[in-house]
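Values below: every heavy atom of this structure, side chains too, minus hydrogens, waters and symmetry copies.
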Amino acid sequence: MGNDFMMENGNLIQVSEYTYPLHSMRKYAFCSDTIFDPSITKFLNQVDLLYHESTFLTAEVARAAETFHSTSAQAAQIASLSGVKRLLLGHFSSRYKELGQMHQEAIQVFPNSIISEEGQTYPVNPDV
């Protein structure tokens, strides 16, 4: 149970001598192929890393709604409303060859937004 204990012979066994301290709890959430829906924020409260699709730029908000996707600004709004620590944007439309504008739209709403890159890994650790 993680507590020190006394052996029958009277020796005290300290758990700290045999275990490592626990890492802080980490929370990760993944929202992809999803229309903008602020009601999901109740499930994302205090997540350390949120992956959220950002298929379109804000100029295509009508197209995003038609196809049940989100814009980068909408993903950032979800992150902001949820109190997440970091937002990882992904699931981009192939129409965008350069993602700088998508990143700019997101950081205007939620500054701790990053663009995902294929083949990269992203730590969930809130201290990174």
Quick check against the 3.5 Å criterion: does [X] have a side-chain atom that pairs as donor or acceptor with the backbone of [Y]?
X     : Y     : result
Ser93 : Arg95 : yes
Gln74 : Thr71 : yes
Gln14 : Ser16 : no

Under the ring-ring contact (aromatic ring centres under 6.0 Å, His included) definition, can you give me all pairs with a residue in residues 74-124, not counting sequence neighbours?
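Residue pairs passing ring-ring contact (aromatic ring centres under 6.0 Å, His included), neighbours aside: His69-His91.
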Return the minimal non-hydrogen interatomic distance between [X] and [Y], and the atom names on each side.
X     : Y     : result
Leu89 : Ser54 : CB-OG, 3.4 Å
Ile78 : Pro38 : CD1-CA, 3.7 Å
Ala76 : Leu87 : CA-CD2, 3.5 Å

Common cluster, [X]/[Y], ILVMFWY with side-chain heavy-atom separation under 4.5 Å:
X     : Y      : value
Ile40 : Val47  : yes
Leu44 : Leu49  : no
Tyr18 : Met7   : yes
Phe36 : Met102 : yes
Leu50 : Ile115 : yes

Spatial distance of atom [atom1] ([X]) from atom [atom2] ([Y]) [nearest 0.5 Å]:
X      : Y      : atom1 : atom2 : value
Glu60  : Glu66  : CD    : CD    : 9.5 Å
Arg63  : Leu57  : CZ    : CG    : 14.0 Å
Gln104 : Ser113 : CD    : OG    : 10.5 Å
Ser70  : Asp37  : OG    : CG    : 9.0 Å
Asp33  : Thr55  : CG    : OG1   : 7.0 Å
Asn112 : Ile107 : CG    : CD1   : 10.5 Å

Between Leu12 and Phe5, does the side chain to side chain contact (heavy atoms under 4.5 Å, CB included) criterion hold? Intermediate values first, please.
CA-CA 6 Å; Leu12 177 66; Phe5 65 95; over 6 Å; no
Do Thr34 and His52 come close enough that some side-chain heavy atom pair is under 4.5 Å?
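The answer is yes; the side chains approach within 4.5 Å.
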For Tyr51, all residues meeting ring pair (Phe, Tyr, Trp, His ring centres under 6.0 Å), sequence neighbours excluded:
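Counting only residues at least two positions away or on another chain, Tyr51 forms a ring pair (Phe, Tyr, Trp, His ring centres under 6.0 Å) with Phe30.
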Is the shortest side-chain N to carboxylate O distance from Asp48 to Lys85 below 4.0 Å?
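A salt bridge links Asp48 with Lys85.
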Is a side-chain donor-acceptor pair under 3.5 Å present for Thr58 with Glu105?
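Their side chains do contain a donor-acceptor pair, which is all the 3.5 Å distance test asks for.
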